[in-house]
Amino acid sequence: MSHSFGRTRWKRFAAVLVPSVAAAAALGVGMAEGALAASFLISGRTFQISADTLKVRGLSIYGMVDVTRKGTPVPVTVTGFRHAEISGLCQSVVVPIPVIGPYTLRLTGGDGERVEAKNMFIDSKALSIGQAEFEDIETGVAAGAVDKGPINPGDRHSRYFDPDGIAQQARSADLTDVQVTAVAVTAATLNVPDLTMRLKQGSRECF
C-alpha cells in the first residue's frame, strides 16, 4: 500500500500530535536525572537542516519533550529513521557574537554521494516537506506499539513518553525538499561524504 502526501497533509498530521505533546509538557517542570527525551540536555536554541531528497526505511513520528540544562521542558516532534539515505544535506546554526554580530556555521555534504544514517532521530519544532510518498503507513498507532520505525531508547525511559500517545509509522518513505527546524539530532551511525564546514559572517542559513 502506498500513500502520497504533499506539504498540507504533512502539516495536518503534525497538528494531530499537538495535544499529545501538550499533555506531556503539562506533567511539570521538575524532573530527576534520566528523565530526558534526548540522551543529553539540549541548549534550547534551534538550528536548520535541509535535504534535497531523503529515502527512509523504517519511519516513526511521535510527540516528546526535551529538556534544557536549566530544566525547561521543550515540546518537540521526534522523527525516527531505521536507515536513511540523504542527498544535498545542509545543517546551519546562527551564532550571535557580541560586538561583531551574528555568524553562521554551515555544514554540507552528500552532493555527489548520499549521506547514510542508521537509527537517526530528529527532534524538531517545525517540519516542511515538498512531497512525501509513504509505503504501509499507519497514523493513530499508539507510540508504545510502534514497530516499523525506531523509538529513541532514551525516550522510552522518559517520564514524558506516553506509550498510549498518538504516533505515525511507515515501512518506507521517499521525501523531497525537506526543511527542518530542529533542537536536537542523534544517530547510531552517520556517514557524510564530502563534508564541508564553513563559518561566515551574517545569517546564511540552509533555508
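- Contact annotation: the side chain of Asp155 approaches that of Val78 to within less than 4.5 Å [non-hydrogen atoms, C-beta and beyond].
- Here the side chains of His83 and Glu116 are in contact, with some heavy-atom distance below 4.5 Å.
- Taking 4.5 Å as the limit, some side-chain heavy atom of Leu59 sits within range of a side-chain heavy atom of Phe81.
- The shortest heavy-atom contact between Ile151 and Ala143 is CD1-O, 4.0 Å.
- Side-chain atoms of Arg106 come within 3.5 Å of backbone atoms of Arg204 as a donor-acceptor pair (strictly under, hydrogens ignored).
- The structure places CG of Asp52 at 8.0 Å from CG of Asp177, a figure rounded to the nearest 0.5 Å.
- Between the CG atom in Leu199 and the CG atom in Leu107 there is a gap of 10.5 Å [rounded to 0.5 Å].
- One hydrophobic cluster, built from ILVMFWY side chains closer than 4.5 Å, cannot hold both Val94 and Met197; they sit in different ones.
- At least one side-chain heavy atom of Val185 sits under 4.5 Å from a side-chain heavy atom of Phe47.
- Side-chain contact between Thr181 and Phe207 is present, with at least one heavy-atom pair separated by less than 4.5 Å.
- The heavy-atom pair separating Ile166 from Gly140 by the smallest distance is CG1-CA, 3.6 Å.
- The closest donor-acceptor contact from the side chain of Ser60 to the backbone of Gly149 lies at 3.5 Å or more, if one exists at all.
- Using modelled atom types and a 3.5 Å distance limit, the side chains of Thr53 and Ser87 yield a donor-acceptor pair.
- Taken to the nearest 0.5 Å, the CG atom of Leu54 stands 9.5 Å off from the OG1 atom of Thr79.
- Checked by atom type and distance alone, the side chain of Lys125 never pairs as donor or acceptor with a backbone atom of Thr77 at under 3.5 Å.
- Of the possible polar contacts, none joining the Glu205 side chain to the Thr104 backbone as a donor-acceptor pair under 3.5 Å is found.
- Pro153 and His157 make their closest contact through O-ND1, 2.9 Å (heavy atoms, listed as atom of the first residue, atom of the second, distance).
- Considering all non-hydrogen atoms of both residues, Asn119 and Pro150 come closest at OD1-CB, 4.1 Å.
- Partner of Val115 under the side chain to side chain contact (heavy atoms under 4.5 Å, CB included) criterion, chosen from Leu190, Leu195, Asn191: Leu190.
- Taking CD1 of Ile86 as the reference point, atom CG of Leu175 lies at 10.0 Å (rounded to 0.5 Å).
- Judged by distance alone, with hydrogens and angles left aside, the side-chain atoms of Lys148 form no donor-acceptor pair with the main-chain N or O of Glu138 at under 3.5 Å.
- The main-chain N or O of Cys206 is found under 3.5 Å from a side-chain atom of Ser92 such that the two form a donor-acceptor pair.
- A 4.5 Å side-chain heavy-atom check between Ile49 and Leu89 finds at least one atom pair inside the cut-off.
- When side chains are defined from C-beta on, Arg57 does not count as touching Arg82, because their heavy atoms never get closer than 4.5 Å.
- Side chain to side chain, Thr139 and Gln168 meet the donor-acceptor criterion of an N or O pair below 3.5 Å.
- Scanning all heavy atoms of the two residues, the minimum distance from Leu127 to Ser124 falls at CB-OG, 4.5 Å.
- No side-chain donor-acceptor contact under 3.5 Å links Gln179 and Ser128.
- Atom CZ of Arg45 sits about 12.0 Å away from atom OG1 of Thr68, to the nearest 0.5 Å.
- Between the side chain of Arg69 and the backbone N or O of Ser43, no donor-acceptor pair lies under 3.5 Å.
- Smallest separation of non-hydrogen atoms from Ala182 and Ile122: CB-CG2, 4.0 Å.
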List the steps and the verdict of side-chain contact (heavy atoms from CB on, under 4.5 Å) for Tyr62 and Asn152.
CA-CA 10 Å; Tyr62 56 95; Asn152 192 327; 3.6 Å; yes
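- Rounding to the nearest 0.5 Å places CZ of Phe161 at 5.0 Å from CZ of Arg156.
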